[in-house]
Each structure stands twice: as structure tokens, then as C-alpha cells.
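These numbers come from a predicted model, not from an experiment. Every number for a ligand or one of its atoms is a count from 1 in the order of the listing.
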Amino acid sequence: MIPAQFDYLAPTTVEEALAALGEHGDDAKILAGGQSLLPVLRMRLNAPEVVIDLGKIDSLRGIRDDGDAIVIGAMTQHSVVEHDPLVEEHAELIHKAVEHLADVQIRHRGTFGGALAHADPAGDLGAPALALGAQFVIQGPGGTRTVEADDFFVDLFETAIGEDEILVAVRVPKHTGWGSCYEKFVRVAHQWPIVAVAATVKVENGTIAEARIGLTNMGNTALRARASEQALVGQPATEEGVAAAAALAAEGTNPPSDLNGESAYRKHLATVLVRRAVLNAAGA
Ligand SMILES: Cc1cc2nc3c(=O)[nH]c(=O)nc-3n(C[C@H](O)[C@H](O)[C@H](O)COP(=O)(O)OP(=O)(O)OC[C@H]3O[C@@H](n4cnc5c(N)ncnc54)[C@H](O)[C@@H]3O)c2cc1C
């Protein structure tokens with residue numbers, strides 16, 4: 001299908017984009033890589049009067065070292081994130097999740113910020129962002145504010161970004177030296193996971209000192225497996241040490257039932273994938 005007619009704006013600064021958002025309000029929609037928005041427009045699930053393309057705003061692209069964190073510009077394509085040495089060294093979990101996100105073509109068009117702003121609970125980036133304690137830098141007419149990952153995902157396809165705001169960057173605290181693993185369970189390659197687990201683990205003398213685990217597609221938003229995280233601390237990084245904690249992975253989750261699997265099946269998957277991901281991240 002062909003989208004409903006809309007006006008197209010391509011500002012070259014964030015300030016211009018914000019002014020356009022302010023002027024058109026509810027009638028406007030931000031365009032990043034278009035890999036989620038364009039299908040929505042083509043199916044006429046949304047028909048904005050104005051589309052504001054962020055593609056010409058150079059300041060929204062790139063990855064930089066910011067001391068104890070790396071900063072990923074919202075318009076940085078998945079393919080750039082995938083091959084960036086800073087991401088691989090300091091946020092290996094994101095590197096591993098992006099490697100398996102969609103296919104090469106989509107990774108070249110889709111953006112890091114666009115995927116997180118889209119907030120699909122089956123999207124691959126929410127769980128690593130939660131596990132790494134990412135901070136979302138959001139700019140609006142009143143200036144810039146930072147939202148912690150735990151407060152960013154509000155509901156199905158809903159985030160803390162206001163209607164008059166733009167996600168400009170994501171700050172990812174460095175987890176240099178932590179082990180990591182992204183376990184993605186799919187029926188069809190290059191697609192969204194039925195369930196996925198993002199785990200990053202700090203091991204000291206064979207014992208798990210800290211574990212952070214994000215869950216994909218286990219509720220209306222990406223989630224933390226907090227019961228497992230707490231139970232893992234102090235455990236030996238062995239099959240026996242991890243098993244009981246992994247069994248708690250689905251605690252507090254409410255996964256959907258659909259053609260790919262029932263809710264109970266997803267809960268079972270979460271426990272299996274958390275066990276695998278933690279053991280792999282811990283190098284066991
Ligand atoms: C066939 C196919 C397979 C896919 N498989 C996967 C997969 O396996 N895993 C996965 O995670 N994803 C998958 N995707 C989605 C892909 O990751 C998209 O890149 C992503 O969902 C959206 O990013 P985008 O840059 O294209 O954003 P767009 O589609 O341009 O925008 C998405 C939404 O976010 C809003 N938005 C975008 N940027 C901003 C911003 N800076 N500030 C505020 N709002 C913003 C837009 O208004 C829109 O509502 C797939 C897509 C397709 C088409």
C-alpha cells in the first residue's frame with residue numbers, strides 16, 4: 001500500500017527539528033531509519049501530516065568516548081554500532097545483540113535511537129540497554145534531560161520521550177572486562193526473537209560478583225530479571241551455581257501468547273536462556 005500523503009521536512013539541526021515538532025504537534029512524526037515507521041505508514045496504521053526526517057542532522061550520528069561511558073548518537077546506524085571498537089570493548093553486550101538484529105540491509109538503514117524510541121518489546125536493544133544501565137539523553141524545547149533505562153520504557157511502543165522531544169543520544173556506562181552474552185531464540189533467522197536474554201556478568205575469583213540481565217519479549221516492555229540477578233550474586237560461576245537463580249528468570253513477567261508460543265512457553269524459555277546466557281557470559 002502507498003502511505004497517505006504527508007509533507008516532508010529535513011532539518012539540519014536538532015533545534016530546527018524541535019521547532020518543526022513544536023509547530024505541528026500531534027500531526028508530525030519523526031523519521032529515523034524508517035525501518036519501523038515506513039511499514040506503519042504504508043499499512044496506514046498512522047497518517048501524519050508532516051514527517052520530520054532526522055537524516056540530515058550530522059550531530060546525531062557517531063559514537064564517542066566520554067570517560068566512564070560511551071555515547072551513541074541516536075541516528076547512528078545499527079551497522080556502525082555493530083563494527084565500532086568502543087562498543088565492542090566497553091559495551092560488548094550491545095555489540096552481540098546488534099550482530100543478530102534483523103538482516104544486513106536493515107542494519108544499514110535502521111538506527112540505534114530509532115529502534116529504542118520505537119520501544120517494540122520484541123526489539124533486540126531494550127534488554128541490553130536495561131542490563132547496561134543506559135541513560136537516554138532527550139532534548140525538548142526546555143533543554144536536555146537524561147532518563148535512566150529503568151524509567152525509559154513505559155509501555156507497549158511507549159517511552160519517556162515527550163511528543164515535543166527528540167532522543168538525541170544514549171549514554172552507556174562502560175562495562176569493560178565484564179563477560180556478556182545475548183541469547184536470541186528465533187523461529188526464522190533475521191527476525192525479532194520469541195524470547196531473548198541479555199546478560200552481563202562480573203566474575204571475581206570464580207564467583208559471580210554482579211549480574212545484570214535484560215529480557216526481550218517477556219511483557220509490554222523490555223524487563224530486568226531482577227530475582228535472577230539478586231540470586232546470582234555470590235554464586236560460583238558453574239552450572240550448579242547458576243541453575244537455581246536462572247529458574248527465577250520469569251518472576252514478575254507477563255509474556256504474550258501468540259502464534260510463536262504461549263505465555264507459559266515463553267516463561268520456560270526465559271529460564272533456559274538465562275541459564276545459558278549467564279554461564280556463557282561467566283565463561284563457564
Ligand atoms: C523485516 C524487518 C526485520 C526486523 N528485525 C528486527 C530484529 O530482529 N530485531 C530488532 O530489534 N529490530 C528489528 N527490526 C526493526 C529495526 O531494528 C528498526 O531499525 C527499528 O525498529 C527502528 O529504527 P529506525 O531507525 O528505522 O526508526 P524509524 O522506523 O524511523 O522510527 C521508529 C519510531 O521511532 C520514532 N523515532 C525514531 N527516532 C527517534 C528519535 N531520535 N527521537 C524520537 N523518536 C524517534 C519514530 O517517530 C517512529 O515512531 C526489523 C525491521 C524489519 C523491517
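- Side-chain N/O atoms of Thr200 and His175 include no donor and acceptor closer than 3.5 Å.
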For the pair Glu89 and Lys174, evaluate salt bridge (charged side-chain N to carboxylate O under 4.0 Å, His left out) and give the outcome as yes or no after the intermediate values. CA-CA 9 Å; Glu89 184 178 358; Lys174 285 182 182 172; over 6 Å; no

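- Under the 4.0 Å criterion applied to side-chain N and carboxylate O atoms, Lys29 and Asp53 are not assigned as salt-bridge partners.
- Each of the atoms 18 (C), 19 (O), 26 (O), 29 (O), 53 (C) of ligand 1 lies under 4.0 Å from some heavy atom of Gln35.
- Taking each of Gly113, Ala117, Gly33 in turn, the one with a heavy atom nearest to atom 45 (C) of ligand 1 proves to be Ala117.
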Criterion side-chain hydrogen bond (donor to acceptor under 3.5 Å, both in side chains) on Tyr265 and Asn260, from CA distance to verdict: CA-CA 10 Å; Tyr265 173 64; Asn260 285 318; over 6 Å; no

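- In summary, the side chains of Gln135 and Thr146 do not present any donor paired with an acceptor at a separation below 3.5 Å, with no hydrogens or angles considered.
- For Arg107, the closest heavy-atom approach to ligand 1 does not fall below 4.0 Å.
- Within ligand 1, counting atoms from 1 as listed, the ones closer than 4.0 Å to a heavy atom of His78 are 17 (O), 19 (O).
- Comparing Gly34, Gly114, Ala102 by heavy-atom distance to atom 28 (P) of ligand 1, the nearest is Gly34.
- Closest heavy-atom approach to atom 20 (C) of ligand 1 within the set Ala169, Gly110, Ser36: this belongs to Ser36.
- For atom 13 (C) of ligand 1, the nearest non-hydrogen atom from the set Phe136, Phe157, Trp192, Phe112 belongs to Trp192.
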